[in-house]
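The structure presented is a predicted model; accordingly, all values stated were derived computationally and were not measured. Each ligand, and each atom within it, is numbered from 1 in the order the structure gives. Note: hydrogens, waters and symmetry copies are ignored here, and every other heavy atom, side chains too, is used.
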Amino acid sequence: MPKVLVSDPIDQVGIDILSQVATVDVKTTLSPEELIQILPEYDAIMIRSGTKLTKEAIEAGKNLKIIGRAGVGVDNVDVPTATRMGIVVVNSPEGNTIAAAEHTIAMMMSLSRFIPAANQSLKGGKWDRKSFTGVEVYKKTLGILGLGKIGSHVATVAKALGMRILAYDPYLTAERAEKLGAHLVELEIVLREADYITLHLPKTKETHHLINADRLAIMKDGVRIINCARGGIIDEVAIADAIKSGKVGGIALDVFENEPLEAESGLRELGANVILTPHLGASTEEAQTNVAVDVAEQIRDVLLGLPARSAVNIPGLRPDVWQKLKPYLQLAEMLGNLVGQLAGGRVDTLNVKLQGEIANSESQPIVVAALKGLLTPALRERVNFVNASIEAKERGIHVTETRDPSVEDYSGSIHLTAHGSQGQQSVTGALLGKSEIRITSINDFPINVAPTHYMLLTLHRDMPGIIGRLGSLLGNFNVNIASMQVGRRMVRGEAVMVLNIDDPLPSGLLDEVVHIQGVTDAFVVKL
Ligand SMILES: NC(=O)C1=CN([C@@H]2O[C@H](COP(=O)(O)OP(=O)(O)OC[C@H]3O[C@@H](n4cnc5c(N)ncnc54)[C@H](O)[C@@H]3O)[C@@H](O)[C@H]2O)C=CC1
Ligand SMILES: O=C(O)C(=O)COP(=O)(O)O
């Protein structure tokens, strides 16, 4: 049974799903050193934001096949290292959207009405109403930085509260923003005009310290800022100074540059207009059930050899799409392997052409499968669906994609052309029925061959006697021929012959094949 490590608190429903297929160890207090020490034992790990999967930790996880993040942000995972190692990283992109958006609204209302401080004062024995006169959000301007899933829900709720919404998101269309009742504007306009600013961005190089002293300076005096996205998007020193100077009227932070927030952090010292929560955005019963189910199911599926639906480092596939594409993925992989072996040396360019009924399908998984096949002879089990693209890129293989829905020889077919140091080779393959794989052309010579483990291919002149000579040569070396096919475009012209053979070709025999009169080239292929 595979082993799964759960290193952050996850809802029991997730553990139950994992237990269907794996031995599950729940260890939520591991130090980074302990994690590195035990990670080699595990096939999968399920985490939240608490566990840091650094380069060193992932490299220690020699047997890891999947990293499951029960939540959205994967900034605590070194995804490039996981990708290079062929480890699929999955998350739950929507499971906690509502929870995080509602926490944001709660933070905004708490900032406006001093609810945490008033509560603390009352419980401290006082009846102080004067200190806690708040402001209304009605008719105020809310600036949303990052109008993705959480930002969009915040916009919808804020709109219902009567707020005017400005949004900054360079990757979004103005139409989408207008549909949500938000005006998409430049960052500077949001900063200058908003009474409240809320962040809903991923943490990236570009968003690091997006809110810094210079940007705080151009904001409205008394602006209130909420961050339920990621620590480090706001410069904590700059914002603390802006609170102290009175430039900023209030801040509500759920996330911090360092988590857990240091005991001695200056943020803890600030007054009633600073609200801090310990990364609670996703902490609702509903969200925790959602993300646990979502991610545990994906880990289970990947351990069973099925695809993940929301992988962040390979194209995720819905089960119904995968069912449809699966035989084509196998076909593409076989063709990639075949064309790579025919090309022999270094391949510089691979063209993947989708024909007939699959011309309109999602192409990326098919391209990845072809690359996996192409790289398999060189990389063996080191290459998989996760790292095939990156490995190809690192080897300088340029991939192009074309589509031709008008090709109707078969319902759907894949044509690969490889250009490399030894010239150009091309192969086509199709499915017979729903899943039987056929090679249907080699270098544009039509054939119809079911691929087998060992094959011998020749390029030759179509002339009497050549098949007999090849047959007796193989017979002399005790190589059994299972089947044979010849493809030609014209009588006595160039032709291709494919022999399915039961045994590997003895060494030296290929040279003799090439020396048969009329044979111009020959290849041994092992699939
Ligand atoms: N506090 C908590 O417990 C939780 C925090 N989060 C965090 O909230 C953030 C948002 O999550 P989602 O809305 O689910 O993500 P999302 O991917 O749906 O939305 C992010 C949006 O930010 C935009 N964006 C990316 N780079 C940008 C840039 N440089 N400038 C402006 N916009 C940019 C994207 O176009 C996208 O629309 C993430 O950082 C996530 O980790 C998510 C769930 C819970
Ligand atoms: O989903 C996210 O991005 C979150 O920040 C939630 O983090 P958590 O799973 O509660 O540690």
Which segment of Ala100 sits under 4.0 Å of ligand 1 when only heavy atoms are counted: side chain
Mode of Ile150 contact toward ligand 1 - side chain, backbone, both, neither (heavy atoms, under 4.0 Å): both
Side-chain donor-acceptor pair present, Asp8, Thr51, cut-off under 3.5 Å: yes
Between Gln12 and Asp16, a side-chain donor and acceptor under 3.5 Å: yes
Donor + acceptor pair across side chains of Thr83, Asn313 (<3.5 Å): yes
Side-chain touch Arg382/Glu391, heavy atoms, less than 4.5 angstrom: yes
Part of Ala70 with heavy atoms under 4.0 Å of ligand 2, whether side chain, backbone, both or neither: backbone
Close-contact set for ligand 1 against His279 heavy atoms, below 4.0 Å: 1 (N), 2 (C), 3 (O)
For Gly71, the ligand 2 atoms whose distance to one of its heavy atoms is below 4.0 Å: 1 (O)
Any side-chain donor near an acceptor of the partner, Arg69 and Ser92, under 3.5 Å: no
Heteroatom proximity flag, Tyr171 to ligand 1, N/O under 3.5 Å: no
Proximity to ligand 2 by part of Asn96, non-hydrogen separation under 4.0 Å: side chain
Region of His103 engaging ligand 1 - heavy atom pairs below 4.0 Å: neither
Min N/O separation Gly73 to ligand 2 under 3.5 Å: yes
Atom 20 (C) of ligand 1 - nearest protein heavy atom and its distance: His200 O, 3.5 Å
Positive for side-chain hydrogen bond (donor to acceptor under 3.5 Å, both in side chains) with His209, one of Glu257, Glu236, Arg215: Glu257
Nitrogen or oxygen atoms of Ser283 and ligand 2 under 3.5 Å apart: no
Polar proximity ligand 2 side, Ala282 side, N/O cut 3.5 Å exclusive: no
Proximal candidate to atom 2 (C) of ligand 2 [heavy atom criterion; set Arg48, Lys203, Arg69]: Arg69
Polar atom proximity, Gly151 to ligand 1 (N or O, under 3.5 Å): no
Region of Thr97 engaging ligand 1 - heavy atom pairs below 4.0 Å: neither
Thr277 side chain to Asp254 side chain, donor-acceptor N/O pair below 3.5 angstrom: yes
For atom 25 (C) of ligand 1, closest protein heavy-atom neighbour: Pro202 CD, 3.5 Å
Option whose closest heavy atom lies nearest to atom 17 (O) of ligand 1, chosen from Lys149, Lys203, His153: Lys149
Atom 11 (O) of ligand 2 [closest protein heavy-atom partner, distance rounded to 0.1 Å]: Ser49 OG, 2.4 Å
Which residue and heavy atom of the protein sit nearest atom 1 (O) of ligand 2, plus the separation: Val72 N, 2.6 Å
Leu145 heavy atom under 4.0 Å from ligand 1: no
Residue-ligand contact Leu172/ligand 1, heavy atom below 4.0 Å: no
Ligand 1 contacted by Asp169 (non-hydrogen, < 4.0 Å): yes
Side-chain H-bond candidate by donor/acceptor type, Asp128 with Ser131, under 3.5 Å: yes
From the candidates Leu253, Leu201, Asp75, the one that places a heavy atom nearest atom 32 (N) of ligand 1: Leu201
Glu259 side chain to His279 side chain, donor-acceptor N/O pair below 3.5 angstrom: yes
Ligand-side contact atoms (ligand 1) for residue partner Asp254, heavy atom cut-off under 4.0 Å: 1 (N), 2 (C), 3 (O)
Protein heavy-atom partner closest to atom 29 (N) of ligand 1 - residue, atom, separation in Å: Thr207 CG2, 3.5 Å
Option of least heavy-atom distance to atom 30 (N) of ligand 1 (set: Ser92, Gly73, Ala99, Pro170): Pro170
N/O donor-acceptor pair under 3.5 Å between Gln298 side chain and Ser310 backbone: yes
Arg268 atom CZ, over 12 foreign heavy atoms within 6.0 Å: yes
Numbering as shown, the atoms of ligand 2 that approach Arg230 to under 4.0 Å (heavy-atom distance): 2 (C), 3 (O), 4 (C), 5 (O)
Any Cys228 heavy atom less than 4.0 Å to ligand 1: yes
